[in-house]
Number of protein chains: 2
Amino acid sequence: MLAQQRQAAILDRVRATGGVRVSELAAEYGVSDMTIRRDLEALADRGLLAKVHGGATTVSPGSAHEPGFAAKSVRQRDEKAAIAARAAALVSPGDAIALSAGTTTAVLAQRLVDVPSLTVVTNSIPVADVFYRAGRPDQTVVLTGGTRTPSDALVGPVAVAAIGTLHLDMLFLGVHGMSERAGYTTPNLMEADVNRALVEAAERLVVLADSTKWGTVGISSIVPLERANVMITDDGLDTTARSLLSETVPELVVVNPQ
Amino acid sequence: MLAQQRQAAILDRVRATGGVRVSELAAEYGVSDMTIRRDLEALADRGLLAKVHGGATTVSPGSAHEPGFAAKSVRQRDEKAAIAARAAALVSPGDAIALSAGTTTAVLAQRLVDVPSLTVVTNSIPVADVFYRAGRPDQTVVLTGGTRTPSDALVGPVAVAAIGTLHLDMLFLGVHGMSERAGYTTPNLMEADVNRALVEAAERLVVLADSTKWGTVGISSIVPLERANVMITDDGLDTTARSLLSETVPELVVVNPQ
DNA sequence: ACTAATTCGAACACACTTGAACAGTACCGT
DNA sequence: ACGGTACTGTTCAAGTGTGTTCGAATTAGT
């Protein structure tokens, strides 16, 4: 693999998942840590990503209303990976699915590029990129339209209208917060609208939320907890939350990261 | 094997796999490293691929990294720049405009990032990127939805439906070909559909076409020549074409690229 | 058939990339 | 505050890749 290609691939990953780890990249591409560090440095010099201790993150796009987002996404990396792996198992060849915007769904996207004949609808440009770069002619990727948020999601009436004409088997919804009272929430009002439209368009709702999301409440509610058919989270959830969720959500899946 | 054939084969491979290695090509075609390097250099000079240490990659591996896009539109660069400059003069602050996909419209986009309070609708991801990178909060950029073509345009029923709900002051349409009989044409059927929807949604149609487009006919017609309100082209047009266009199009603008 | 032009390969000096080793630094739990 | 662990950048050596220059071989033109 050419150094250039490796760097491009790293950049893809950072953009899609929000953060990468030096050790993980070194293992994946079969090169030394130092080589990865030098790649990251080259990319950072061009302003394409930000080097941090242990890896790199996006150059901080959504940090305006969400400080510490990038760093956090690195920390919850294992949880997201485990959740995504479990979610991918729900998808069968030929399915028509939707993926909301978010780092967890971006990780999931990477696990779905090998599913044959998949149709994917998403309002996330990075998620669409993941499939587009895979270049599989049997897969169809539909971007909803709309205006772009700082986190590369497409929102607004155009997006909602586009989704209204579609019908999907399953929606994988990444959320920013969940609580008993507010249900699933996000900090962006327009994004909540789009997510609600996605929920309406899909037969089944699968919510992806690592355990740190519990108790977080964004400004805008998407749907109440019980609307989910499946929820996938990790074992960092405290006992009360877990029992409450297992009573509320028809199918609660708790994965064990690592 | 002829040098020409070898170069064509190399280009195919780069396009298919995203990247090639000098050593690998030398072994495969049974020629020396130097010959391969000279091949790559020749192809790179024509803007068909990008030489990198150890081999070569596609000229723009994926989404809009600025250098890739610039290199891609190297053909008729001066003409496109002059046309774009003239087109930009038609836009006023506060306008709601549409930009089709294409290299010329991408150049135009770069000249429009400083126009205050602009609303831009486009089905081109690179064009949207240009505005997004500028990050002006007073501008609104709306991406139509749809599936992605290899040239990063969004097409299909979702795109057409999204456009149907919008009304724009002006459409800047970049075309792949134009002729008396076929009108404005593009090689992609789905893209023609989207372009037609954009034409319907806009009050005025401004066609951007450098002189080399005359006589080129793509598979799919968008609209007839006379549908344009303004056409901007360069002075490379022959006399018969120029007189024909000036009779057909209400306003024909011929720019002089330097 | 002769000459000119082009293409190719070999050799060279130089530049780049990589991995290992090391000393220093940041993070984390106690 | 402390120490252990993991991560960092620097330096160096080895391996690759690079362009230039030259001569040989092939091709094209007259």
Trainee: Can you confirm whether A:Val22 sits close enough to A:Leu40 that some side-chain heavy atom of one is under 4.5 Å from a side-chain heavy atom of the other?
Mentor: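 Touching, per the 4.5 Å side-chain cut-off.
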Trainee: Rounded to the nearest Å, what distance is computed from the CG atom of residue A:Leu2 to the P atom of nucleotide D:dT16?
Mentor: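 Atom-to-atom, A:Leu2 to D:dT16, this comes out as 15 Å.
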Trainee: Indicate whether the side chain of B:Asp210 and that of B:Thr212 have a donor and an acceptor atom separated by less than 3.5 Å.
Mentor: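 There is such a pair between these side chains.
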Trainee: The side chain of B:Met34 is closest to which nucleotide in this list: C:dA11, D:dG9, D:dT18?
Mentor: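 Given the options C:dA11, D:dG9, D:dT18, the side chain of B:Met34 is closest to C:dA11.
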Trainee: Considering all heavy atoms of both residues, which atom of A:Ala159 and which atom of A:Thr144 are nearest to each other, and what is their separation?
Mentor: CB-OG1, 3.9 Å
Trainee: Using atom NE2 of B:His53 as one end and atom P of C:dC16 as the other, report the distance to the nearest whole Å.
Mentor: 9 Å
Trainee: Go through C:dT17, D:dG17, D:dT20 for me and flag the one nearest to the B:Ser23 side chain.
Mentor: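 For B:Ser23, the side-chain atoms sit closest to D:dG17.
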Trainee: Counting only side-chain nitrogens and oxygens, does A:Arg6 get under 4.0 Å of the OP1 or OP2 atom of C:dT17?
Mentor: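 False: A:Arg6 side-chain N/O out of range (4.0 Å or more) of C:dT17 OP1/OP2.
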Trainee: Take atom CG of B:Asp39 and atom P of C:dT7, then tell me their distance rounded to the nearest Å.
Mentor: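 After rounding, the gap between these two atoms is 10 Å.
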Trainee: Could you tell me how far apart A:Ile36 (CD1) and C:dT18 (P) are, to the nearest whole angstrom?
Mentor: 9 Å
Trainee: State plainly whether the residues A:Arg6 and A:Glu28 are in salt-bridge range, i.e. N to O under 4.0 Å.
Mentor: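 No salt bridge links A:Arg6 with A:Glu28.
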Trainee: Answer yes or no on whether B:Arg148 is positioned over the face of A:Tyr132, meaning its NZ or CZ is under 6.0 Å from the six-membered ring centre and within 45° of the axis.
Mentor: yes
Trainee: Between atom CG in A:Leu40 and atom C1' in D:dT8, what is the gap in whole Å?
Mentor: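 Value for this atom pair: 12 Å.
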Trainee: Given atom CG of B:Asp33 and atom C1' of C:dA11, what is their separation to the nearest angstrom?
Mentor: 13 Å
Trainee: To the nearest Å, give me how far apart CD (A:Glu41) and P (C:dC16) are.
Mentor: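 Going from CD in A:Glu41 over to P in C:dC16 covers 15 Å.
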Trainee: With respect to the side chain of A:Thr35, which nucleotide from D:dG17, C:dC8, C:dG19 is positioned closest?
Mentor: C:dG19
Trainee: Under 4.0 Å from OP1 or OP2 of D:dC7: is there any side-chain N or O of A:Arg21 that close?
Mentor: yes
Trainee: For a quick test of reading the model: is some side-chain N or O of A:Lys51 closer than 4.0 Å to OP1 or OP2 of D:dG9?
Mentor: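 So the side chain of A:Lys51 is within the cut-off, an N or O lying under 4.0 Å from OP1 or OP2 of D:dG9.
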Trainee: Among the nucleotides C:dA11, D:dT8, D:dT18, which one has an atom lying closest to any side-chain atom of A:Arg37?
Mentor: D:dT8
Trainee: What about A:Arg38, does its side chain sit under 3.5 Å from the base of C:dG19 through a donor-acceptor pair?
Mentor: yes
Trainee: Assign each of B:Gly55 and A:Gly54 to its nearest nucleotide of DNA chain D by heavy atoms, then name whichever residue's nucleotide is nearer the 5' end.
Mentor: A:Gly54
Trainee: Could you state the CD-P distance from A:Gln5 to C:dT17, rounded to the nearest angstrom?
Mentor: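 That distance rounds to 15 Å.
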